[in-house]
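Just so you know, these numbers use all the heavy atoms, side chains as well, and skip hydrogens, waters and symmetry mates. In this chain, residues are counted from 1 in sequence order.
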Amino acid sequence: MPSEPAYFTLKLATALGCSLVAGIFFAFSTFVMRALAQLPLAQGIAAMQAINITVINPWFMTVFIGTAIACVYLAARALYTWQQPGAAYLLAGSLLYLVSTFLVTIAENVPLNNALAEVSPSTPEAARVWTNYLTYWPLWNHIRTAAALAAATALTLALRG
């Protein structure tokens with residue numbers, strides 16, 4: 001097990017990772033998707049396709065996946081040290097991020113991104129795919145935004161323990 005200062009640092013870094021992810025997703029929930037929906041169909045699709053390509057970069061992926069890895073460790077540690085103060089917050093925060101942020105991204109948002117990547121903005125099918133995307137992608141994004149924020153809150157409360 002890591003030393004107490006290292007363990008505290010891991011909990012803090014994980015809470016900050018959840019916060020950063022929540023902030024990124026919050027931007028999409030509050031204005032990015034609305035702006036893309038106001039563009040002409042082909043431009044909105046092309047812009048989102050470009051975003052979906054550029055988001056796969058070392059900075060974002062390190063925070064997004066690194067936070068998930070840290071949550072796996074913290075959840076296991078919380079179960080192992082259940083009687084210690086803050087363990088319930090650690091477990092709740094970790095599970096919120098893992099299930100409702102990370103897994104929702106993989107199960108819901110990524111398949112929508114993949115479907116959008118396959119459509120040419122100039123085809124008749126593009127309107128159907130884009131309408132579906134604008135209906136469901138933001139819905140799932142709202143869920144993962146709220147979950148990442150709740151996870152950050154729980155992990156921050158766990159710092160007291």
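With sequence neighbours excluded, the residues forming a side-chain hydrogen bond (donor to acceptor under 3.5 Å, both in side chains) with Ser122 are Ser120, listed by chain and number. Under the side-chain hydrogen bond (donor to acceptor under 3.5 Å, both in side chains) criterion, Thr153 pairs with no residue at all, not counting sequence neighbours. With sequence neighbours excluded, no residue forms a side-chain hydrogen bond (donor to acceptor under 3.5 Å, both in side chains) with Arg34. Not counting sequence neighbours, the partners of Glu125 by the side-chain contact (heavy atoms from CB on, under 4.5 Å) test are Val119, Thr123, Arg128, Val129.
Residues Ile45 and Leu36 have side chains not in contact (no heavy-atom distance under 4.5 Å, counting atoms from C-beta outward). No side-chain heavy atom of Pro121 sits under 4.5 Å from any side-chain heavy atom of Gln43. Residues Tyr89 and Leu155 have side chains not in contact (no heavy-atom distance under 4.5 Å, counting atoms from C-beta outward).
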Criterion side-chain contact (heavy atoms from CB on, under 4.5 Å) on Val21 and Val63, from CA distance to verdict: CA-CA 7 Å; Val21 169; Val63 172; 3.8 Å; yes

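Using a 3.5 Å distance cut-off with no hydrogens or angles, the side chains of Thr105 and Arg144 do pair a donor with an acceptor.
Annotation for Gly44 and Leu39: closest pair N-CB, 3.8 Å, computed over non-hydrogen atoms. When all heavy atoms of Thr145 and Ala22 are compared, the pair lying nearest together is CG2-O, 3.8 Å. Across all their heavy atoms, Cys18 and Tyr97 have their closest contact at SG-CD1, 3.6 Å. Looking at every heavy atom in both residues, Thr14 comes nearest to Thr67 through O-CG2, 3.9 Å. Counting all heavy atoms, side chain and backbone alike, Ala87 lies closest to Thr81 at CB-O, 3.6 Å. Considering all non-hydrogen atoms of both residues, Ala147 and Ser100 come closest at CB-CB, 3.3 Å.
Every pair passing ring pair (Phe, Tyr, Trp, His ring centres under 6.0 Å) that includes a residue from residues 12-46 is listed here, sequence neighbours excluded: Phe28-Trp137. Each ring pair (Phe, Tyr, Trp, His ring centres under 6.0 Å) pair with one or both residues in residues 38-66, not counting sequence neighbours, appears once here: Phe60-Phe64, Phe64-Phe102.
Tracing side-chain contacts under 4.5 Å through hydrophobic residues (I, L, V, M, F, W, Y), one reaches Leu116 starting from Ile51; they form part of the same cluster. Hydrophobic clustering (ILVMFWY, side-chain heavy atoms < 4.5 Å, transitive): Ile56 and Val110 are in distinct clusters. In terms of hydrophobic clustering, with Ile, Leu, Val, Met, Phe, Trp and Tyr side chains grouped at heavy-atom distances under 4.5 Å, Leu90 and Tyr73 are assigned to a common cluster. Linking ILVMFWY side-chain heavy atoms closer than 4.5 Å, directly or via other members, places Tyr136 and Met33 in a single hydrophobic cluster. A continuous path of Ile, Leu, Val, Met, Phe, Trp and Tyr side chains, each step under 4.5 Å between heavy atoms, connects Ile24 with Val55, placing both in one hydrophobic cluster.
Taken to the nearest 0.5 Å, the SG atom of Cys71 stands 8.5 Å off from the CG atom of Leu95. Of the inter-residue distances, the one linking Leu139 atom CG with Leu134 atom CG reads 12.5 Å to the nearest 0.5 angstrom. Taking OG1 from Thr30 and NE2 from His142, the interatomic distance works out to 9.0 Å, rounded to the nearest 0.5 Å. The CG atom of Asn52 lies 8.0 Å from the OG1 atom of Thr54; values are rounded to the nearest 0.5 Å. The distance from atom CD of Gln49 to atom CD of Glu118, rounded to the nearest 0.5 Å, is 10.5 Å. Distance OH/Tyr133 to CG/Leu112: 7.0 Å, rounded to 0.5 Å.
The backbone N or O of Ala148 sits less than 3.5 Å from a side-chain atom of Thr101, completing a donor-acceptor pair.
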